[in-house]
Engineer: 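Handing you a structure now.
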Amino acid sequence: MLTFLLWLILLMLCWPVALLALILYPIVWILMLPFRLVGVAVGGVFALLSAAIMLPARVFQRLGQTTPATGR
């Protein structure tokens with residue numbers, strides 16, 4: 001809603017720039033979409049690598065939490 005109000009103010013002050021922004025926004029969004037997808041993929045790869053690297057530490061931490069009375 002705030003974005004729409006700002007666009008209306010821009011329309012009143014400088015309508016050619018507002019119309020240009022209205023036309024270019026979908027084009028810029030489409031051009032940025034592949035970069036967002038690559039960012040999601042790279043984030044997933046980093047999460048997978050982090051989980052693989054931290055797995056031995058988690059296993060040893062879990063094994064170190066055993067209580068002598070129960071043996072679990």
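Numbers here simply count residues along the sequence, with the first being 1.
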Engineer: Nearest 0.5 angstrom please: Arg58 CZ to Leu63 CG, how far?
Structural biologist: 14.0 Å
Engineer: Determine, using the 4.5 Å side-chain heavy-atom cutoff (strictly less than), whether Met54 and Leu48 are members of one ILVMFWY cluster.
Structural biologist: no
Engineer: In the single-linkage hydrophobic clustering (I, L, V, M, F, W, Y; side-chain heavy atoms under 4.5 Å), do Leu22 and Leu11 co-cluster?
Structural biologist: yes
Engineer: Atom CG in Leu5, atom CG in Leu10: separation rounded to 0.5 Å?
Structural biologist: 12.5 Å
Engineer: Do you reckon Leu20 sits in the same ILVMFWY cluster as Ile27, going by side-chain contacts under 4.5 Å, direct or chained?
Structural biologist: yes
Engineer: Which distance, rounded to the nearest 0.5 Å, do you find between the CG of Leu24 and the CG of Leu31?
Structural biologist: 10.0 Å
Engineer: So do the side chains of Trp7 and Met12 get within less than 4.5 Å of each other, counting heavy atoms only?
Structural biologist: no
Engineer: As an exercise, state the distance from CD1 of Ile9 to CZ of Phe4, rounded to the nearest 0.5 Å.
Structural biologist: 11.0 Å
Engineer: Can Trp15 be reached from Leu8 by stepping across I, L, V, M, F, W or Y side chains whose heavy atoms are under 4.5 Å apart?
Structural biologist: yes
Engineer: Report yes or no: do Phe46 and Val38 belong to one cluster of Ile/Leu/Val/Met/Phe/Trp/Tyr joined by side chain heavy-atom distances under 4.5 Å?
Structural biologist: yes
